[in-house]
Amino acid sequence: MSAIRILNATEARAAIPDLCEVLADCVEGGASVGFMQPYTAADALPYWQGVVESVEAGANLLAIAEIDGRVVGTVQVGFASMPNQPHRGDLKKLLVHRSARGKGIARLLMEAIEQEAARHGKHLLVLDTATGSDAEAIYPRLGWERAGVIPDYALWPDGGYCATTLFYKRVAA
């Protein structure tokens, strides 16, 4: 059974080594999440240090999934920074280590982060994900609405172009 937790900055800082491993595993597994191959846990360190700073500043929520005390998944919500968007959050980096997939962890992470975002007054969440990826298939099953596709939006970790699909979801506390 996995445990899902929303981390404060101190807890997030302590989880950095595991978070680095999860991100590196996902990128090496082909996930288009902003980074290129080859990608190691050491490469992920600056990214997660920035996330911790954002959590500390109150601009980001960070959830993790643990199995036997080891972080195997994570997801974030960044709070929109413009004054006319106090109700909106950006879902970021739903990641599950390949060794822990197929256990419902993505669903548990999403349920927890959506509830926490709603508690913070965010009732509209948005995300983008690589079109045609395994991740794209997850969101409609979790109640997210497809808004459209942008072609050639980013690169796959191995260098080829990929489109991105935009989704949104209204959540309530």
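No hydrogens, no waters, no symmetry mates; every other heavy atom, side chains included, goes into these values.
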Could you tell me the separation between the CG atom of L91 and the CG atom of L109, rounded to the nearest 0.5 Å? 10.0 Å
Does atom CG of N8 have more than 12 heavy-atom neighbours, drawn from other residues, nucleotides or ligands, at distances under 6.0 Å? yes
Flag yes if L95 and L45 sit in one hydrophobic cluster, no otherwise; membership is Ile, Leu, Val, Met, Phe, Trp, Tyr, and two members link when side-chain heavy atoms are under 4.5 Å apart. yes
May I ask you to decide whether R13 forms a salt bridge with E56, counting only side-chain N to carboxylate O separations under 4.0 Å? yes
Specify the closest pair of heavy atoms between A100 and V72, including all atoms of both residues, with the distance to one decimal. CB-CB, 3.7 Å
Checking V126 against K169 for the side chain to side chain contact (heavy atoms under 4.5 Å, CB included) test, could you report, in this order, the C-alpha distance in whole Å, the side-chain angles of both residues, the deciding distance, and whether it holds? CA-CA 7 Å; V126 298; K169 185 174 184 180; over 6 Å; no
Is there a continuous path of hydrophobic side-chain contacts, each under 4.5 Å between heavy atoms, that joins I64 to V51? yes
Transitive ILVMFWY side-chain link W48 to V75, under 4.5 Å: no
Any side-chain heavy atom of D90 sitting closer than 4.5 Å to one from V77? no
How many angstroms lie between CG in L127 and CG in L166, if you round to the nearest 0.5 Å? 8.0 Å
Going by heavy atoms in the side chains, are L23 and L19 under 4.5 Å from each other? no
Can you confirm whether R98 sits close enough to E28 that some side-chain heavy atom of one is under 4.5 Å from a side-chain heavy atom of the other? yes
Residue pair V96 / A106: nearest heavy atoms and the distance that separates them: CG2-N, 4.1 Å
Shared hydrophobic cluster for M110 and F79 (ILVMFWY, side-chain gaps under 4.5 Å): yes
Which atom names give the shortest non-hydrogen contact between A24 and A41, and what distance separates them? CB-N, 3.5 Å
Could you tell me the separation between the CZ atom of R5 and the OG1 atom of T74, rounded to the nearest 0.5 Å? 11.0 Å
Give the ring-plane orientation class for Y47 versus F35, where under 30° counts as parallel, over 60° as perpendicular and anything between as tilted. perpendicular
Could you state the interatomic distance from NE2 (H97) to SG (C26), rounded to the nearest 0.5 Å? 7.5 Å
Compare all side-chain heavy atoms of E66 with those of R70 and state whether any distance is below 4.5 angstrom. no
Whether the T165 and T129 side chains hold a donor-acceptor pair (N or O, under 3.5 Å, no angle test) is what I'd like checked. no
Starting at CD1 of I113, measure out to NZ of K122 and round the result to the nearest 0.5 Å. 12.5 Å
Rounded to the nearest 0.5 Å, what separation is found between the CG atom of L62 and the NZ atom of K92? 10.0 Å
Taking all atoms of both residues into account, what is the closest heavy-atom pair of P38 and D43, and its distance? O-OD2, 3.9 Å
Under a 3.5 Å distance rule, please check whether Q37 uses its side chain to pair with a backbone N or O of V27 as donor and acceptor. yes
Within the side chain of N60, is there an N or O that forms a donor-acceptor pair under 3.5 Å with the backbone of V55? no
To check you understand the geometry: which heavy-atom pair defines the closest contact between V71 and A15, and what is its length? CG2-CB, 4.4 Å
Closest contact, heavy atoms only, S2 versus I105: OG-CG1, 4.0 Å
Do L142 and R107 have side chains that approach each other closer than 4.5 Å (heavy atoms only, starting at C-beta)? yes
Checking side chain to side chain contact (heavy atoms under 4.5 Å, CB included) for the pair R88/L125: CA distance, chi angles, key distance, verdict? CA-CA 6 Å; R88 186 176 68 74; L125 300 179; over 6 Å; no
Under 3.5 Å donor-acceptor pairs involving side-chain atoms of residues 144-157, not counting sequence neighbours:
{"from": "W144", "atom 1": "NE1", "to": "E114", "atom 2": "OE2", "distance (Å)": "2.9"}
{"from": "R146", "atom 1": "NH1", "to": "E136", "atom 2": "OE2", "distance (Å)": "2.6"}
{"from": "W156", "atom 1": "NE1", "to": "Y161", "atom 2": "O", "distance (Å)": "3.4"}

In one Ile/Leu/Val/Met/Phe/Trp/Tyr side-chain cluster, 4.5 Å: I16, L61: no
For R101, does the CZ atom sit with more than 12 other heavy atoms under 6.0 Å from it, leaving out its own atoms? yes
